[in-house]
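Numbering of ligands and ligand atoms starts at 1, following listing order. All values below were derived from every heavy atom in this structure, side-chain atoms included, with hydrogens, water molecules and symmetry-related copies excluded.
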Amino acid sequence: MSQPMLTADTDPHRLARTLGGRNLVGGELRPSHTGRTFAVFNPATGREIGQAAHSDAGDVDDAVAVAFRAQPAWAATAARKRGALVAECARLLASHVEELGRLVALETGKALRTESRVEASVVADALQFYGGLGSELKGETVPFNPDMLTLTQREPIGVVGVIIPWNAPMMLMALKIAPALVAGNTVVVKSAEEAPLAVLRVCQILNQLLPPGVLNIVSGFGPDCGAPLVAHPQVGKVTFTGSVETGRIVARTAGEKLIPVTLELGGKSPMIVMDDADLEQAVAGAVSGMRFTRQGQSCTAASRIFVHRAIHDEFVTRLKARVDAMKMGDPLDEATDIGTIISRGQLDKVLGYIESGRAIPGAQAHECSRLPDGEALRDGLFVRPVIFTGLDNASRLAREEIFGPVTCVIAFDRYEDAIRMANDSDYGLAATFWTRDLKTALDATRRLNAGFVQVNQNIVVQPGLSYGGVKQSGLGREASLEAMLDHFTHKKTVIFNMN
Ligand code: NAI
Ligand code: MG
């Protein structure tokens, strides 16, 4: 290591000012080739906190060329050594958790205590997990012919393009870059325009240990920076998390190039609560599952809650009481449970859904918690959580991903109806089922169309567990050993003819 180690800077305002405006390519922070930048805002105040490099196809070309040149030496490094380096990155990041938590809270509006600090520690956890998997990149011997030695080996794909959104930017990036790197690929990340700073800082920290050019990151907008990354001829694989709409565009380009693509898209995840469920446990699970602390900005948010009619009213009363008790406020304040929506555009989209829901005859919008007061947060992008009742599963609010603090509680009479409604969706990312009857639970886990089904709990993606969706929720799996093997390597078959 030639340069001194970065020291953690827990003043996110200073960090945002000093860090921004640049990409990280070949181990160095550098401006975009045009020198253009764009502003990054604090959604809790509406104020600018820093700048990010406004990169275009030229910057993508540079970053991919650097990653392409660095790839053969990285692939030739022993797999366990690559893993060991990634694990060392995890330990280094662990000493930056507070700093990264504050920075991501500042740029995304996610509360520090309930969300942002947690996200920062999950990043280290994901790197730690994959760091241990270097020696699992195994092949097989195949009994093809007794006079031949036939084997398979796992080889890296080459340069991987990583496109991430803003809702959990560091965590989603970590779940992509860690397996890509351990498998021997080099990486170019395109950050989300709303949250380019904390991920840049993560990459800067990791570049203290990784060889230059192995992990690169550029910031910019979708069409002028993300699209050229997907289209670049030297990018051999793209992994994307974001909207269905953009996922289709990415898949179309990948289809033209005939390269593999992993897509983690939206969700409209059902939660089914039977009348014998532990009610208090289920209500707590609805609060955490709906990710109210993240303003519902999660692809697995429990945004359709089917509750048996016998307990429906009691469930709603208790759910409302719990969400009412949550405090909305300054994301950096330790007392805050719920921060802000990411951007004005997302805020308008969420408010639009709430308005259209109110207009539906029979629907009731239960608004919870209280907007923060005080001059400083006057322009903050706060939305009170809303629990809708009296909606039909066919309504727009129950079909489309709102990506805000809005959930629908829908009553059902029969188990069969609940399963049918839960599966009647374009999405299939996650589902949860709440009961004390394990026989019914087993049946439900078999019948629910989703990539991740949990009984009597609703936890988020965990390193080690395959994660991904069916239907419009995406293609491929993340977060596990198989995700690394299936999505970041090619399998080569080799035959030695010894006759
Ligand atoms: P988006 O899918 O447009 O953006 C995600 C990433 O893709 C960003 O880095 C963006 O710059 C990039 N991108 C946009 N257009 C691109 C293109 N043509 N080629 C390559 N990259 C491109 O999502 P957005 O606009 O931030 O949010 C819209 C909706 O998407 C949300 O309301 C939510 O419903 C959903 N969403 C789902 C997420 C998930 O975790 N599955 C995460 C973020 C958004
Ligand atoms: Mg978009």
Relative to the heavy atoms of [X], which atoms of ligand 1 are at a distance of less than 4.0 Å?
| X | result |
| --- | --- |
| E401 | 33 (C), 34 (O), 35 (C), 37 (C) |
| K190 | 8 (C), 9 (O), 10 (C), 11 (O) |
| I164 | 6 (C), 8 (C), 9 (O) |
| Q346 | 27 (O), 28 (C), 31 (C), 32 (O) |

Of R248, E193, K349, the residue with the heavy atom nearest atom 29 (C) of ligand 1 is K349
Relative to atom 23 (O) of ligand 1, which among A195, S473, S243 owns the nearest non-hydrogen atom?
S243
Check against salt bridge (charged side-chain N to carboxylate O under 4.0 Å, His left out), R36 and D56
CA-CA 10 Å; R36 287 169 71 208; D56 63 16; 5.5 Å; no
Contacts of R370 meeting side-chain hydrogen bond (donor to acceptor under 3.5 Å, both in side chains) (sequence neighbours excluded), chain-then-number -> none
For H232, check side-chain hydrogen bond (donor to acceptor under 3.5 Å, both in side chains) against everything at least two apart and list the hits.
D61
Are a donor atom and an acceptor atom from the side chains of S369 and D324 found within less than 3.5 Å of each other?
no
Output yes when the distance from some N or O of ligand 1 to some N or O of P165 is under 3.5 Å, and no in every other case.
no
Check this for me: does any side-chain nitrogen of one of R14 and D9 sit under 4.0 Å from a carboxylate oxygen of the other?
yes
Mark whether atom 34 (O) of ligand 1 lies under 4.0 angstrom from at least one protein heavy atom.
yes
Strictly inside 4.0 angstrom of atom 9 (O) of ligand 1, do you find any protein heavy atom?
yes
How long is the gap from CD1 on I205 to CG on L24, to the nearest 0.5 Å?
11.0 Å
In terms of relative ring orientation, are H54 and F221 parallel, tilted or perpendicular, with 30° and 60° separating the classes?
tilted
